[in-house]
Amino acid sequence: MCGIAGYIGPKNAAQVLIVALERLKYRGYDSAGLVVSEGGKLHLRRAAGKLKELDAKLAAQPLSGHCGIAHTRWATHGPPVEHNSHPHLSADGRIAVVHNGIIENHVALRRELEGEGVVFASQTDTEVVPHLLAKYYDGKDPVAALRTVLARLEGSFALGVVFADRSDRILVAREGSPLLIGRGREPKAARTDDRRSTEGGTPWTERELLVASDIPALLPHASEFLTLEDGQIADLGPHGVRITTFAGDKVEARFRPIEVTAEAVSKGSFDSFMAKEIAEQPSVLTRLIDSRLRGGVLVEPDLGLDLASLRHIVFLACGTSWHAALLGKRFLEALARVHVEVDISSEYRYRNPVAGGDTLVVTISQSGETADTLAGLRLAKSKFLPVVGLVNTVTSTIAREANGVMPLLAGPEIGVASTKAYTAQVMALYLFAAQVAKAKGLLPRDAEEALVAAARALPDLAERTLKLCEPAVEECADLYSAAQASVFLGRGGEHPTALEGALKLKEIAYVHAVGYPAGEFKHGPIALVTKHLPVVCMCPRDAMYEKMLSNIQEVKARAGRIISVGDAADRDLRDLSDHLLPVGRAGDELLQPILSILPLQRYAYHVARRRDCDVDQPRNLAKSVTVE
Ligand code: G6P
């Protein structure tokens with residue numbers, strides 16, 4: 001968990017780093033800090049709470065200096081108070097460290113260091129690192145000291161280190177947590193400014209260098225990036241970037257252009273990233289659909305797999321991505337007649353799953369960094385199973401470790417609650433199922449044409465649905481934002497929608513909410529129904545429509561407040577409901593859940609606003625969960 005950043009270059013490091021932290025907030029935001037190395041000293045600023053607290057501290061006590069590292073935290077070891085915030089310093093204040101991940105053997109290391117007289121200032125696992133570095137650093141070779149320390153660490157980490165006596169060097173190392181290095185544009189001419197390296201007094205002539213857990217935080221200063229691999233150390237300084245393995249072997253630093261724009265990671269005219277990302281869904285869907293077609297015909301994904309021989313698929317995912325996986329199972333069963341299992345990654349990885357050689361594992365993850373899903377991927381690979389990653393972040397670890405990648409092309413998703421990545425995942429799974437069906441000869445030409453037409457019509461329907469449902473959604477949010485709990489019911493393809501709608505409300509509005517298969521509701525949970533309980537009922541005109549109407553009747557008979565989601569022109573449903581959230585009707589019933597979730601995303605957003613919640617940074621959460 002957590003986000004880390006670093007900067008060396010001609011600009012004010014603290015100012016660059018605070019912007020980078022702003023873009024990493026989604027990885028954790030319960031405290032933040034940064035350190036700048038200047039004039040032979042380390043200058044530290046840290047604050048508990050949201051980033052604005054650190055910003056205020058910096059405004060009151062500004063920092064100059066051109067080399068620094070920074071961190072935004074999601075607490076694992078020790079509560080989110082200032083002394084547990086990163087960076088952490090060695091006892092002599094000469095070495096500072098930021099860390100994303102968990103040092104699993106920190107207790108033993110701490111005992112050893114305490115035995116040697118070191119006094120710890122925090123409860124974190126991270127603090128052992130600066131103390132160990134101080135123990136091994138001889139004032140000459142910082143990389144050698146880091147290499148010695150790394151050999152003693154167990155667990156996962158992305159580390160950033162700066163030294164008081166080297167104010168133009170940042171060292172980073174990676175094992176299990178993401179870390180990218182960015183490089184600025186080539187300077188037009190060698191600068192003649194007065195910025196001097198402390199090492200040898202030579203002017204800084206290299207391009208500026210950045211470090212971050214994710215690409216958005218490298219913007220706008222970096223134009224190129226590289227991904228540091230597990231088991232590698234990078235030494236950043238006036239010499240550029242030197243990469244070696246933990247064992248000391250040299251590795252070539254290969255930079256690639258950054259394709260994400262600064263605009264894609266800003267809110268634009270929206271009040272929150274969540275609102276922006278909800279509104280982006282029609283264009284995201286269009287881009288995704290176009291990427292899977294050539295001349296209006298489905299093309300087979302380049303996964304190095306024989307789709308025609310697929311018999312068995314296992315989906316691994318967490319959170320919202322798991323809800324998309326539930327729909328993926330329906331699509332593959334319905335269109336391609338493939339047997340599919342859906343597993344929550346954190347469960348799969350600790351079982352001993354039975355898997356034959358004909359099993360394909362598909363890991364679904366927006367970030368591509370979720371620790372449990374990554375562990376599931378590695379477990380599957382250890383069993384020699386082919387693994388495909390359905391990911392949004394194509395520079396992620398899952399994307400790099402999977403045998404094949406299906407990109408979502410949704411653009412950076414920054415709001416913690418997943419919205420556009422979810423609908424993109426659902427569409428991508430639908431098109432994947434169609435591609436498998438086609439490869440197996442189960443999708444005749446006319447059926448393919450109808451399927452493609454239904455997919456292509458969906459972005460417009462999504463656009464219209466977002467407009468159409470808004471007044472009713474706002475009215476419901478006004479009426480029910482104070483409700484203590486809510487239930488979401490759906491059948492068939494709308495069961496995952498019910499789960500996802502409930503998750504959105506829990507995540508960002510802190511309302512206790514459960515999603516249920518509507519047919520199962522009568523087996524216990526119906527006891528919850530009173531006239532105070534809003535029950536959101538997914539009732540589009542699909543194969544389960546009549547059954548769903550009966551389930552709604554059961555709730556109505558017990559005085560529950562019915563908010564249904566369905567066709568605007570459905571008189572029966574309107575009469576039965578207290579409120580109807582109207583949605584468009586998809587050309588293929590399988591795609592309907594993409595439309596049905598839209599009013600529920602907006603409902604959660606509006607309820608959260610009315611309850612004064614921060615929709616982009618809900619309490620206790622982080623977007624990218626890189627710890628178990
Ligand atoms: C976190 C986020 C969820 C997300 C889940 C899986 O819990 O808060 O919104 O669905 O991780 O993330 P992934 O990046 O693997 O899709």
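Excluded from the calculations below are hydrogen atoms, water molecules and symmetry mates; all remaining heavy atoms, backbone and side chain alike, are included. Start at 1 and go down the list; that is how both ligands and their atoms are numbered.
Atoms of ligand 1 lying under 4.0 Å from any heavy atom of S365, numbered from 1 in the order shown and given with element: 13 (P), 14 (O), 15 (O), 16 (O). For ligand 1, the atoms sitting less than 4.0 Å from at least one non-hydrogen atom of T320 are 10 (O), numbered in the order shown with element in parentheses.
Between E507 and ligand 1 there is a heavy-atom distance shorter than 4.0 Å. Remark: distances from the non-hydrogen atoms of V416 to ligand 1 include one below 4.0 Å.
The pair R351-D343 meets the salt-bridge criterion, with a side-chain N (NZ, NE, NH1 or NH2) lying under 4.0 Å from an Asp/Glu carboxylate O. Under a 4.0 Å N-O distance rule, the pair D230/R378 qualifies as a salt bridge.
Counted by atom type alone, Y350 and D372 present zero donor-acceptor pairs between their side chains at under 3.5 Å.
Annotation: Y348, atom OH; neighbour count of heavy atoms from other residues, nucleotides and ligands within 6.0 Å is above 12.
Taking the six-membered ring for Trp and thresholds of 30 and 60 degrees, H312 and H339 have nearly parallel ring planes, at less than 30 degrees apart.
When D616, D30, D614 are each tested for a salt bridge (Lys or Arg N to Asp or Glu O under 4.0 Å) with K50, only one passes: D614.
Summarising the contacts of atom 6 (C) of ligand 1 with A317, C318, A371, the nearest heavy atom is found in C318. When the options S367, G319, A417 are ranked by their closest heavy atom to atom 14 (O) of ligand 1, first place goes to S367.
The distance criterion of under 3.5 Å between nitrogen or oxygen atoms is not met by T373 with respect to ligand 1.
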